[in-house]
Protein chains: 2
Amino acid sequence: MVPDDDGAFAPTTEDAPSSSGFLDDGKNTIGSQLASRLREAIISGELQAGSKINLDKARKTFNVSLSPLREGLARLISDGLVEFEDNRGYRVSSISLANLEEITTLREEFEVFALRESMRLGDVEWEGNVMRALHRLNRTERDAARPETLERWEELHREFHLTLISGCGKPILLHFCRLLLNLNDRYRRVFLTRTSGDRNVSQEHSEIAQGAVARDLDYACDMLRQHIHRTGTNLRKHLATKGIL
Amino acid sequence: MVPDDDGAFAPTTEDAPSSSGFLDDGKNTIGSQLASRLREAIISGELQAGSKINLDKARKTFNVSLSPLREGLARLISDGLVEFEDNRGYRVSSISLANLEEITTLREEFEVFALRESMRLGDVEWEGNVMRALHRLNRTERDAARPETLERWEELHREFHLTLISGCGKPILLHFCRLLLNLNDRYRRVFLTRTSGDRNVSQEHSEIAQGAVARDLDYACDMLRQHIHRTGTNLRKHLATKGIL
DNA sequence: ACTATCAAAATAATCGATTATCTGTCAAGG
DNA sequence: CCTTGACAGATAATCGATTATTTTGATAGT
């Protein structure tokens, strides 16, 4: 019966529902804390895509020793945010049009598949979690002027998308989707400070969530796919304008 | 044009076509070598699924220091073969019926998707690589009596499946498929020492490859899906018989 | 007997120093 | 003027020792 061990890619404590914390967050070791800080630094764009990570400088910046630094970086490799080469060290993963397009495509495939499975298998608790995540997201304003609201919104947005698919009963799939979401969020954080005018993102989220809870498989999946696709298209435009290529 | 940097999950040197090596394999550092040895030890079943990895013992066994040991283990986490918890250390990922079933399902989804994309996008070189991989695989006997032939066959089998989908132009997708293949191989190595009598695996591979090269999308995808599914079914039986659950 | 508590042993995490590898620069030879 | 090679500085990898945390096992109290 495999007592309390869920096997590979079992849902880690990593992003437990961020309810009021009097259970510690599991960010015990320096390595773990570093991983979080670095992840945030990369996703927020503070650490530029493609840039080399000098261990010695990083060590001084964060005031830690090599071992936990490497430990933290190693975890970001699993996240696809950092690349590593023997004797050459670490660098922040680069961004590119091709990379963005792949992320979008894969999200359309995997996340939609996971949503369908969630609707097929999810229980009432899952439904509740979805509605809660939707509510919390829609109640949070995204004000480009105040960065702290952006961060908060991103967190809730991520939480919403993950909750949507959390009923699928497939830990590995969830893991993949989480990675893709991470990678995608970096593009949004860097290139999209405000939402495009012709979209009502809150409404899009509501449509998806309501379709999901009503188990209207085709409708919900379609809405999600369009949602992801639109974001991809927007990002592509901004990427072409502001930046690379 | 992003000179020679393909972004996240860019195809690493990790498993370059194992042609005659006078280019070194990139297994330079102790950490890298350890990662390989440990991976093999886990996939082959030498390190039992679910078992704890005692750093001190491992350190002595492999005659290395902690740093490279942790380094190596960290990589296996990305591979989904090892799990980690703060202050509790590492353990070999467990196996379970649910895990096997998820792996099979996801392979059916993703590997088939990747194959379809490869057929859509792959060039002549890709076709050539597929035919070569097929030939090498079919020319290799799988003799349960001699373990070294098993290992060789597994390697070529893995290579075949990866080559099939290598034309898809989607590094992240390839990365995911590689992980799934790794996870799946462990089950086969542990539970299937010989192929089930009612299958002609060589023929199955040939049908897939020929369909792929002929760009017969639906046929090739269907064959691949059945191939994966059959393996899943076989493994499930053996798992239920010999072991767990 | 059962549970709670504390100390000792085992184990993981971290550090600072050392060793190995790589990268850029400059000089000698073609 | 370009290429090649050797040196020096920069950077990454590894080690051995130290510190922190968890687990175990024994003891005392109910």
Side-chain angles (χ1 to χ4, degrees), chain A residues 3-5 12-14 21-39 42 47-48 50-78 81-93, chain B residues 3-5 12-14 21-39 42 47-48 50-78 81-93:
Chain A
D4 92 329
D5 202 339
T12 58
T13 346
E14 184 186 333
F22 51 84
L23 255 284
D24 72 32
D25 352 5
K27 302 295 168 53
N28 298 314
T29 67
I30 301 184
S32 289
Q33 295 170 317
L34 263 181
S36 297
R37 290 173 65 183
L38 286 166
R39 185 182 293 110
I42 293 173
L47 248 52
Q48 196 173 55
S51 65
K52 187 141 189 356
I53 298 174
N54 182 307
L55 290 178
D56 226 38
K57 284 176 196 156
R59 190 175 67 72
K60 282 163 190 159
T61 305
F62 291 104
N63 230 55
V64 294
S65 187
L66 270 333
S67 331
L69 182 55
R70 283 171 153 274
E71 195 85 28
L73 285 167
R75 304 212 196 159
L76 297 187
I77 294 176
S78 315
L81 292 171
V82 163
E83 291 164 29
F84 170 83
E85 204 177 347
D86 271 353
N87 290 321
R88 297 271 174 80
Y90 305 82
R91 64 173 53 233
V92 181
S93 300
Chain B
D4 91 328
D5 201 339
T12 57
T13 346
E14 185 185 331
F22 51 82
L23 253 285
D24 72 32
D25 355 4
K27 301 295 168 57
N28 297 315
T29 67
I30 300 184
S32 289
Q33 294 170 318
L34 264 182
S36 297
R37 291 173 63 184
L38 285 166
R39 186 181 293 111
I42 292 174
L47 248 51
Q48 196 174 54
S51 65
K52 185 144 191 354
I53 298 174
N54 182 308
L55 290 176
D56 226 39
K57 283 176 195 155
R59 191 174 67 72
K60 282 162 190 160
T61 306
F62 291 105
N63 229 54
V64 295
S65 187
L66 270 333
S67 332
L69 182 56
R70 285 173 152 273
E71 195 86 27
L73 286 168
R75 305 213 195 158
L76 297 188
I77 293 177
S78 315
L81 292 170
V82 163
E83 291 163 30
F84 171 82
E85 205 178 344
D86 271 353
N87 290 319
R88 296 272 176 81
Y90 305 82
R91 65 172 52 231
V92 181
S93 300

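A note on names: the letters A, B, ... follow the listed sequences, proteins ahead of strands, and every chain is numbered from 1.
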Tell me whether the OP1 or OP2 atom of D/dT11 has a side-chain N or O from A/K60 closer than 4.0 Å.
no
What's the [atom1]-[atom2] distance between [X] and [N], to the nearest Å?
{"X": "B/F84", "N": "C/dT11", "atom1": "CZ", "atom2": "P", "value": "16 Å"}
{"X": "A/I30", "N": "D/dT19", "atom1": "CD1", "atom2": "P", "value": "14 Å"}
{"X": "B/L34", "N": "D/dT14", "atom1": "CG", "atom2": "P", "value": "9 Å"}
{"X": "A/R91", "N": "C/dT23", "atom1": "CZ", "atom2": "P", "value": "11 Å"}
{"X": "B/K52", "N": "D/dT23", "atom1": "NZ", "atom2": "C1'", "value": "11 Å"}
{"X": "A/Y90", "N": "D/dA12", "atom1": "OH", "atom2": "P", "value": "9 Å"}
{"X": "A/E71", "N": "C/dT14", "atom1": "CD", "atom2": "C1'", "value": "10 Å"}
{"X": "B/N63", "N": "D/dC15", "atom1": "CG", "atom2": "C1'", "value": "13 Å"}

Compare all side-chain heavy atoms of B/L69 with those of B/L73 and state whether any distance is below 4.5 angstrom.
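SC-SC contact between B/L69 and B/L73 confirmed.
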Contact summary for [X] and [Y], nearest pair of heavy atoms:
{"X": "A/T29", "Y": "B/D86", "value": "OG1-OD1, 3.3 Å"}
{"X": "B/S93", "Y": "B/V82", "value": "OG-N, 3.3 Å"}
{"X": "B/G89", "Y": "B/K52", "value": "CA-NZ, 4.4 Å"}
{"X": "A/A58", "Y": "A/I53", "value": "CB-CG2, 4.4 Å"}

When all nucleic acid strands are considered with a 4.0 Å heavy-atom cut-off, which category describes B/L73: base, sugar-phosphate, or nothing?
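No contact at all - B/L73 keeps every heavy atom at 4.0 Å or more from the nucleic acid.
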Answer yes or no: is there a donor N or O on one side and an acceptor on the other, between the side chain of A/T61 and the main chain of A/K57, under 3.5 Å?
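Side chain of A/T61 to backbone of A/K57, a donor-acceptor pair under 3.5 Å: yes, one is there.
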Within the side chain of B/R91, is there an N or O that forms a donor-acceptor pair under 3.5 Å with the backbone of B/E83?
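Absent.
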When you compare the protein's N or O atoms with those of nucleotides 16-21 of chain C, which come within less than 3.5 Å of each other, and at what distance?
residue: C/dT21; atom: O3'; partner: A/N87; partner atom: ND2; Å: 3.3

Of C/dC22, C/dT14, D/dT23, the nucleotide closest to the side chain of A/R88 is C/dC22
